[in-house]
Amino acid sequence: MTGFSIPTCKDELRRAIPILREHGLKKSACFCAEQLVGLAGGGMDCASPSSAAASAGVATLRALEAEPVTDAFMLASSFFELGEYARCAVALCGVETGGGPLPAAAPAPDAAARDVFLWAYALYLAGEKRREEEICEASRDALARAKARNSYAPALRDALAARKARGALAGLGGYAYGIVLKELARARHGGGGDAAAPPAMDVDGGGGGDEPRPPAQPGRIAGAAVAAAEDAPTAEARAVLAEATLQFPWNWSAWLDLAELDAPEAAAAAIVRPPAGATAAAPPPHPDDELLDVHGPRPGASEALIAACHRAHVAIEQQRCDEALETLARVEAVAPASTFAQERFEALRAADPYRLEQLDIYSNVLYVKEARAELSRLAHAATRAEKYRPETCCVVGNYYSLKAQHERAVLYFQRALKLDRGCLSAWTLMGHEYIEMKNTAAAIEAYRRAVDVNARDYRAWYGLGQTYEILNMYFYALYYYRKAARLRPYDARMWIAIAQCHEKLHRVDDAIKGYERAAAHDDAEGHATIKLARLHRSRNDHDKAVACFQAYVDLHGQGEEIVDATAEALLYLASKHKQKADYAAAQACLARLLDYGGPEKLEAQAMLRELRSLIDTTAAPPARLKASGRMAALRGKINEKERDGRPAAELARLTHALWGLDHYPSYLKRWRDGDIAELEDQLERTLATVRAARRANKEEAAGVVETEKLRELRDPANWRVGDVVAPRLAKVLGWDACPSMADALAAPRKAAPARGVLALLDEVVDDVYSIDVLTPAFCERLLEAVDGARSDDGEPLPRANLDVVGCSWLGDVLLAVGAQVQAAAHPAETLGGALDWRHAYVLKYEPTGRDSLVHHTDDSEITVNICLGRDFAGGDLLLGGVRGAPDETSARVDRVAPKRGVATVHLGRHLHAVDTVTRGERRVLICWCRSLSGARSSVCPCCWMNRRAGGASAGDCICGPAWNS
């Protein structure tokens, strides 16, 4: 069994880091240092080298340590650190070739291994630097960019191959040879060309279609041909780099270069459909399954750690995520603080706040989660650490993208590319931004450049497919979606995209196959399932359609908010259950639709009535309602929220159960277990609804973007009483002596004399009063603040709740006004209680939006309706009868013309509407005032909803003496 010793591993890493530094391999040195610090145990517990036979890596390490450092090497290293690579090479051999294939002759045959490596590596980097300069000079000439090559690579290959043939390529020289071969292999594959070239033919082999096929272009190699066979240069580069990792395993750059050649194998292989019942292909066996076993020392122990990290890296590149997680879990067992084993970016940032590597990936996570505040903090922290780094620019670009400022996001992604032309994240994210900006041509170019940087990036292939799908070029889109699916064959999104293209090309059979593969690969949201159901329904294959719709409904179970697709599925299932005479199942589906606000609710109500007639379970109305003639008054009223069937029965049973539990602790002993289970389900659904509503309210309040005017409005101390409240009303309320609205609201509330309040009221309609409340200037200031308020997605607030926007004090002012009017004009409405609760909000009526409102009642005892302006025509307040009063069914309609700053105060149960606004913009401030201690505590909901006399006089009601003796 292979052993792993932490002390030995630390010793090897400490010895390897200086070697890597002097060879100019800074990234590898940094990686080894991070692993060293991350290893468990800590401290300077250096272990002496083992006497056992050393591995090839340890032997190389010892040889490099023993090798003397020459003065020429020190000088060349200084030039290398300054970026003067050609000068570095000349300093090592002392001979300049004078225009030959290389700027410096090769070192002597007996030169030190480190001298040979630094000479070759410096010349390779000099060639890469010149190639980048040529690409920048030909920024608008794609053909010139494609022809750019490392001009020193061929001569370097010949020199290093000759040295290797003589057995004189020691130390890290093999790595230099490997990267030169890798560069030549890349150039042979058309490096710099467009790896994302469109297909030259219909890849499905099908004909037809009106869109032109992409022309064949010289110099472009079909991706399928590259994937089918590997050429000799690539195989040679892989073999040399693999040997280099064995020769000096602490060179993390060699492992990364090897991974770039290994990872495409997963993308190149054709994805074979798994057999029935199989979910994923088993990962290939690895010879290092027992690496990181911590029993017993061995020479080269750190090789196990480095190899395990490489294995995890390759698994991630090949989208074998389960295997990568398994390997990283083993790494974490011995290196809990290793950067390769960190699962949480925040923990890593806390340990190393100035680390910027892979920070762009963390910003992508925050972007997907829409964590705007966290992404803002991350952008500020990255900018403070190092402003001009590609990772920082990508983080800031993601932040502006989340704020829907796509132009600014593109500027930062372009800045990242100026700093690093090979920044994959910047190319891909910039493509996403161009899609948002509807600039499809720029998006295609960005995605293709991303594929040029890394052909294994499925996001770029998927983005190309999306772009061509937007352009209705479905054959092109299919080609790119299939590229993405080869890289992520078990991602449902890839197969859904492929199936959608087939569907739009009227290839229904292929579309069904695609959706079936998506559904088999963890389609958590059920997108493929609902599309499968619709396709089966369109083909009249109703058995399969029912199965798919039922699977979708099961996926979105009880307690989840009903969306359009769920409503569609429930309605279809109910109709099929009705056809099969399974009325109970049909009613269960339709009952869920009664809480849905779409047109399916009306269809569900109609079908429920039909079902009740079929099973003959329609209950006759109570005899007392028939005799009193109130049945006609209770049914069919405008805005009457009827509850048909089971939900109404559930509400009654729930009320009785709560009363019984309140009076008798052992009340549920009288119930059957099934009934108790149903009650528990009702309570859980109700609690889920309450929690969801509370969460939504908090999210809405947290998402309001504060402006200067809104900030000023929020603090009542900023407002003098005379600037807000009409002078006569302020005097009657006793606020005229207060310096600010904050002082007025903090003063003890006293009931104003009824005569003083009545003197301010104008009875415009029977029991409906108008009163001057707000000054016109404050009305305008309020509208300016509310109109400037935005949610965090940049959209205006459709209904500005004063509590949500942070102006609760204004709602308290309106509650005080409503309480004074109620006490003076409607003292019996609250059944002896006071108005102690309010809900205030601002609405807009305009011809181009919501221009009117139908007759309705309010969920309040008293409603205060204040006109805020502005210039408009129409929009009168229409008043009808009063619920529970003799004139409830009266056909008479009274009109009240709104006036700025003036409140119309009426009973909440007064039927009212808003006439059509024909011109301008009518703004209104509404405040519902309730009496939780009075009417809402004295009358049960049943009596309140049905306008029966409640309280002590309700002999047969839950709040009457029969239930409270």
Side-chain angles (χ1 to χ4, degrees), residues 202-211 273 276 462 465-466 468-479 481-482 485 491-557 560 562-582 585-586 588-590 592-593 596-607 610-611:
D202 180 2
V203 292
D204 295 298
D210 297 328
E211 45 187 68
R273 183 184 298 277
Y462 187 81
Q466 281 186 314
Y468 280 110
E469 188 176 5
I470 291 172
L471 295 172
N472 298 327
M473 302 172 72
Y474 301 119
F475 287 114
Y476 283 65
L478 264 176
Y479 174 82
Y481 281 144
R482 282 174 174 158
D491 191 331
R493 296 171 298 171
M494 309 299 118
W495 297 109
I496 289 175
I498 290 173
Q500 284 176 338
C501 288
H502 282 306
E503 189 175 356
K504 291 170 182 176
L505 291 169
H506 307 293
R507 299 173 174 178
V508 179
D509 290 334
D510 291 331
I512 288 176
K513 292 176 184 178
Y515 287 134
E516 286 175 345
R517 292 199 68 173
H521 294 317
D522 192 21
D523 179 26
E525 298 297 325
H527 297 308
T529 306
I530 192 68
K531 290 179 180 292
L532 260 180
R534 290 166 180 163
L535 282 179
H536 287 312
R537 181 180 59 187
S538 68
R539 306 180 81 178
N540 295 321
D541 193 345
H542 295 295
D543 290 339
K544 291 183 179 179
V546 167
C548 292
F549 276 125
Q550 187 62 55
Y552 184 81
V553 169
D554 293 341
L555 196 61
H556 300 272
E560 286 195 28
I562 296 179
V563 296
D564 291 347
T566 311
E568 175 190 358
L570 288 170
L571 200 60
Y572 180 84
L573 290 173
S575 67
K576 295 306 170 186
H577 289 319
K578 188 185 76 170
Q579 290 177 7
K580 296 179 180 179
D582 189 354
C589 292
L590 296 171
R592 291 184 61 184
L593 286 172
Y596 181 63
E600 287 83 358
K601 177 180 178 179
L602 300 178
E603 297 182 49
Q605 290 175 336
M607 194 178 296
E610 184 180 354
L611 287 173

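In this chain, residues are counted from 1 in sequence order. The model shown is predicted, which means the values in this text are computed figures rather than measured ones.
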Apply side chain to side chain contact (heavy atoms under 4.5 Å, CB included) to R592 and V553, showing your working.
CA-CA 11 Å; R592 291 184 61 184; V553 169; 3.5 Å; yes
Minimum heavy-atom separation for [X] to [Y], with atom names?
X	Y	answer
A533	C548	CB-CB, 3.5 Å
Y572	A545	OH-CB, 3.6 Å
I496	A518	CG1-CB, 3.6 Å
C589	H577	SG-CD2, 4.0 Å
T529	A551	CG2-CB, 4.0 Å
A528	A519	CB-N, 3.9 Å

In terms of side-chain heavy atoms, does D554 have a donor or acceptor partner in Y552 at a distance below 3.5 Å?
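Y552 and D554 do not have a side-chain donor-acceptor pair below 3.5 Å.
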Check whether the side chains of Y481 and E469 place a donor and an acceptor atom closer than 3.5 Å, and report yes or no.
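E469 and Y481 do have a side-chain donor-acceptor pair below 3.5 Å.
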Side chain to side chain contact (heavy atoms under 4.5 Å, CB included) between R539 and D509, intermediate numbers included
CA-CA 11 Å; R539 306 180 81 178; D509 290 334; 2.9 Å; yes
Evaluate side chain to side chain contact (heavy atoms under 4.5 Å, CB included) for L505 paired with F475, printing each intermediate quantity in order.
CA-CA 9 Å; L505 291 169; F475 287 114; 4.0 Å; yes
Compare all side-chain heavy atoms of L478 with those of R507 and state whether any distance is below 4.5 angstrom.
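Yes; the side chains approach each other to less than 4.5 Å.
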Does D510 use its side chain to pair, donor to acceptor, with the backbone of H502 at less than 3.5 Å?
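It does not hold such a pair.
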Donor-acceptor contact present, side-chain H521 to main-chain R493, <3.5 Å
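No, the answer is negative, given that no donor and acceptor are paired below the 3.5 Å cut-off.
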Between R537 and E568, is the closest basic N to carboxylate O distance under 4.0 Å?
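Result for this pair is yes, salt bridge flagged.
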Look up atom CD in Q550 and atom CG in L570, then write down how far apart they are to the nearest 0.5 Å.
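It comes to 8.5 Å.
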Steps toward side chain to side chain contact (heavy atoms under 4.5 Å, CB included) verdict (V546, H536):
CA-CA 9 Å; V546 167; H536 287 312; over 6 Å; no
